[in-house]
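Throughout, protein chains are lettered first and strands after them, A, B, ... in sequence-line order, and every chain is numbered starting at 1.
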Amino acid sequence: MKARRGTRKLFRKILHARFGAVGAALALAVALAVPSPARASGQLTIAAAADLDSALHALIARFERQTGAEVRLVLGSSGNLTVQIEHGAPYDLFFSADVAHAVKLERENLIVPGSLVRYAVGRLVVYVPRDSSLDFAERGLAALADPSVRKIAIANPRFAPYGQAAVAALRHANLYAELEPRLVLGEDVSQTTEFVVSGNAQAALTALSLMFAPATRAAGRYWLVPQSDYPPIEQAVAIVGRSREKTLARKFLDFIETKEGRAIFRQYGFATPEKRP
Amino acid sequence: MNWQALELTLRLSCVTAAILIVLALPTAYWVAYSRRPWKFLVQALASLPLVMPPTVLGFYVLVAFGSSSPLGRLWQRWTGHTLAFTFAGLVVGSVLYSFPFAVQPLVNSFLAIDPKLIDASRVLGASRLSTFFRVILPLSASGLATAIALTFAHTFGEFGVVLMVGGDIPGVTRTISIDVFDQVQAGNYAAANVTSLVLLAVSFLVLAAIYAWNRRAWPRAPWA
């Protein structure tokens with residue numbers, strides 16, 4: 001058939017005409033795929049739970065100014081970052097939002113022995129849109145049972161420490177069974193908070209430390225869940241065993257334990273107890 | 001193995017593919033045969049989801065249907081809840097995300113039809129609509145089959161959009177890809193492995209069934 005032969009010819013023509021372009025693209029791909037030279041010394045990569053976003057940004061800015069080192073920050077849920085480290089992610093420091101994930105890595109010999117430090121305790125808050133009429137001061141967590149609250153965002157309790165704390169607080173208030181059908185799960189506290197900021201959930205149980213970001217502040221208000229309602233959300237940090245910048249990592253750990261470092265954590269909603277193992 | 005998540009994902013894929021075929025047929029017809037000078041703009045718009053990261057798409061769905069947007073408020077007054085965190089929300093996201101996968105194969109099929117056949121149908125008195133259903137569509141069976149298979153498969157493996165707008169509710173928005181993600185994050189590699197293998201097997205079987213069923217629609221390679 002004529003038409004078919006015509007198309008085949010055209011196809012071949014395209015193939016030839018494009019070969020130059022394909023060759024160039026291939027060369028470019030190869031050039032990009034070749035690993036870049038070893039990273040410059042004095043560069044630290046920190047993997048941190050999402051609740052540390054604001055606090056670590058402030059700490060890193062100070063640390064960089066004082067030492068001249070360059071610090072990269074990777075944020076995620078403690079569970080996800082743990083999995084990444086188990087599979088060889090090139091992080092130097094791991095800030096977990098709980099002790100359990102750091103201890104798990106310690107048991108697997110993936111962190112520098114003795115480097116695990118519990119340096120702060122996180123707080124759980126209820127975060128609602130600015131125009132919400134819920135009165136938590138009066139009714140406590142029970143205010144969440146109000147029918148106007150159709151969706152309550154919490155971090156996924158299967159792997160996010162604040163999600164586990166949220167479930168514990170709801171159980172403590174005898175609200176879990178009633179409110180469970182209204183729960184939606186965020187991947188980490190950042191996404192959980194974002195569900196309220198974007199107006200898709202009417203309340204979120206999230207981290208106090210995220211309440212200091214300008215966007216969060218502008219969109220809503222928060223109420224501190226009493227600390228006795230849930231097990232303490234202890235923040236732990238450790239140096240990753242595969243790190244090639246252990247000295248610099250140690251320096252950063254020393255920095256967060258200085259008076260200045262601890263003040264920054266407090267400023268962003270963490271408690272910094274004196275006693276630590 | 002989370003069978004509930006598998007059932008949900010299959011349901012989402014079927015609903016999305018069905019809706020997309022209905023939307024894509026007129027769109028593809030217009031793209032293939034229109035002579036408007038600004039056609040290229042519509043083509044670019046229809047292909048956008050190919051280029052845009054699913055996270056951007058999910059973000060837009062969240063914001064566009066959140067209670068701070070007029071569209072979101074309208075939807076809420078209409079249905080009583082926000083679009084995010086619902087099955088309908090996943091369908092909207094998936095339809096947007098897979099749109100080009102439905103339109104493009106159909107456009108290619110329509111353009112491959114000998115225009116003389118269409119002219120003949122019109123000259124013999126058939127209406128445009130009747131020409132479409134009795135000449136163009138039967139000759140585009142392979143394109144239609146490809147469009148269905150691609151949208152189904154693309155939705156089945158979808159992750160980013162669902163992660164952004166789903167809220168991970170069991171039986172409602174926890175699709176199979178989200179379930180695997182959760183299991184890996186929780187460190188349950190054995191469970192993640194089982195689910196992934198079932199996913200792999202089901203994907204292959206579904207695709208094989210679709211391609212086998214439409215075998216006759218491909219009498220030859222499209223370029224031969």
Against chain B, label Leu183(A) side chain, backbone, both or neither, depending on which of its atoms sit under 4.5 Å from a heavy atom there. backbone
CZ (Arg182(A)) and CD1 (Ile169(B)) are apart, to the nearest 0.5 Å, by 13.0 Å
Around atom CZ of Arg77(B), are there more than 12 heavy atoms from other residues, nucleotides or ligands closer than 6.0 Å? no
Keeping the roles fixed (side chain from Gln185(B), backbone from Ala160(A)), state whether a donor-acceptor pair exists under 3.5 Å. no
Rounding to 0.5 Å, atoms OG1 (Thr86(B)) and CG (Asn200(A)) come to a distance of 9.5 Å
Okay, Asn80(A) and chain B: the region with an atom under 4.5 Å from a heavy atom over there is both
Interface residue of largest heavy-atom contact number with chain A, from Arg174(B), Gln76(B), Gln183(B), under 4.5 Å: Arg174(B)
For Leu163(B), is it the side chain, the backbone, both, or neither that has a heavy atom closer than 4.5 Å to a heavy atom of chain A? both
Could you measure the distance from the CZ atom of Phe85(B) to the CG atom of Leu185(A)? Nearest 0.5 Å is fine. 10.0 Å
Quick one: what part of Arg158(A) sits under 4.5 Å from any heavy atom of chain B, side chain, backbone, both or neither? both
Should we count CZ of Phe59(B) as having more than 12 external heavy atoms under 6.0 Å? no
Step through the shown structure and confirm whether more than 12 heavy atoms of other residues, nucleotides or ligands are within 6.0 Å of OH on Tyr33(B). yes
Got a sec: does the CZ of Arg11(B) have more than 12 other heavy atoms crowding it under 6.0 Å? yes
Tell me whether the count of non-hydrogen atoms from other residues, nucleotides or ligands lying under 6.0 Å of CZ in Arg122(B) goes above 12. yes
Could you report the tightest heavy-atom contact between Glu86(A) and Tyr189(B), atom names first, then the distance? OE1-OH, 2.6 Å
